[in-house]
Amino acid sequence: MRTLTGQFSLEDKTALVTGASRGIGKAIALGYAEAGADVALLARGTTALEEVADEVERLGRRALVLTCDVSDGEQIRRAVGTAVSEFGQLDVVVNNAGGFEVAGPVLELESSDWSTVMRVNLDSVFHVCQAVGRHLVKRGSGCVLNISSIAGLGGVPMMAPYAASKAAIISLTRTLAAEWGSSGVRVNAMTPGWISTELTKDILGNPDAGEGLRAAVPRQRFGEPADLVGPAVFLASDAARMVTGACLTIDDGTTCYVGGPAMIQMLALGRVAV
Ligand code: NAP
């Protein structure tokens, strides 16, 4: 058995992170490199990936750039194949690429809006899990970390496709943990709250919307990508060897408020006795 500190190390492991060119994926990829892993970096934009690859190499680890659109299952299968043949094997895979390219009230959405979000956020996770699962299950070790969202824990007006895709990721995570449990492959999910990234800058930076959303966070702050790195390293490491099928919420307590923003406003206005 390794020392407690050693159990958190990713030394000599290999990882693949989708959406690794910026934001949460970039932070996790660099965190994995710092913890000792070689990292395959996947996204559509090659230039930004190459910059992250340089940072991984400055940390003394090997980097592999995989230019790939995760909405295309065939591109995913090719990219996973390249990562396995270049690294020899994959130990950790993070399904992080995603976003909310389309938003609006359900009554105004086109069915193509729905499928666009599902293809990028959910179908991609299925395709990556299937491609790496064939490799991991055969080998009998490894783990997958799927980035869901607190949006997947409830309903989110104006963001139905996004919320549904993130809820389905949690369900898929649990199903795969059950299907692959006996082979020794672990599958977990994280549901982050609001994190300041390119994806959220217009919402969080909006003076009205941003302040309202911040008020709904018990700690009155938005997270940074770096806030997710420790939990992502833990779930990928041997320290989490008994953790599978779990969904770890990292949201500064946002989902602890039963009444949500309305309750906070009532408390602030003194309309609810405490
Ligand atoms: P971001 O800053 O917009 O980064 C998204 C990453 O995904 C980029 O590397 C992007 O690179 C890549 N990507 C997007 N579409 C892709 C595609 N079709 N194929 C391949 N790569 C693609 O977003 P983020 O805030 O870091 O979010 C990352 C993940 O965390 C998402 O799944 C998001 O839903 C989830 N999340 C975010 C928050 C938040 O508040 N930010 C909260 C909870 C969950 P390219 O554009 O070059 O492809």
Q. If you look only at pairs with a residue in residues 221-230, which of them pass as a salt bridge (charged side-chain N to carboxylate O under 4.0 Å, His left out), with sequence neighbours excluded?
A. Arg221-Asp227, Arg221-Asp252

Q.
Per the salt bridge (charged side-chain N to carboxylate O under 4.0 Å, His left out) rule, what does the pair list look like for residues 79-88, sequence neighbours excluded?
A. Arg62-Glu86

Do the side chains of [Y] and [X] get nearer than 4.5 Å, heavy atoms only?
X: Val144; Y: Leu176; answer: no
X: Val92; Y: Leu145; answer: no
X: Ile147; Y: Ile28; answer: yes
X: Thr46; Y: Val65; answer: yes

Q. For residues Arg241 and Gln7, is any side-chain donor paired with an opposing acceptor at under 3.5 Å?
A. yes

Q.
With no hydrogens and no angle check, just 3.5 Å: does a side-chain donor-acceptor pair link Thr191 and Thr249?
A. yes

Sequence neighbours excluded - side-chain hydrogen bond (donor to acceptor under 3.5 Å, both in side chains) pairs with any residue from [range]:
range: residues 206-217; value: Glu211-Arg214
range: residues 29-44; value: Asp38-Arg61
range: residues 168-187; value: Asn146-Thr173
range: residues 111-122; value: Asn121-Ser165

Hey, what else clusters with [X] if you join Ile, Leu, Val, Met, Phe, Trp, Tyr whenever side-chain heavy atoms sit under 4.5 Å?
X: Val117; result: Val102, Leu109
X: Met242; result: none
X: Ile170; result: Ile150, Leu153

(Q) If you compare all heavy atoms of Ala79 against all heavy atoms of Leu42, which two are closest, and at what distance to 0.1 Å? (A) CB-CD1, 3.8 Å

**Q.** Smallest separation among heavy atoms of Ala226 and Ala27, with atom names
**A.** N-CB, 4.3 Å

Q) Looking at Leu16, Val128, Ile169, Val17, which hits side-chain contact (heavy atoms from CB on, under 4.5 Å) with Asn95? A) Val128

**Q.** salt bridge (Lys or Arg N to Asp or Glu O under 4.0 Å) between Asp72 and Arg78, worked out
**A.** CA-CA 10 Å; Asp72 181 337; Arg78 273 203 304 272; 5.8 Å; no

Q. Can you pull the ring pair (Phe, Tyr, Trp, His ring centres under 6.0 Å) pairs that have at least one residue in residues 146-168, sequence neighbours excluded?
A. Phe100-Tyr162

Q) Phe87: what forms a ring-ring contact (aromatic ring centres under 6.0 Å, His included) with it, not counting sequence neighbours? A) none

Q) Charged N to carboxylate O below 4.0 Å: is that the case for Asp91 and Arg139? A) yes

Q: Go through the structure and list residues passing side chain to side chain contact (heavy atoms under 4.5 Å, CB included) with Ala178, not counting sequence neighbours.
A: none

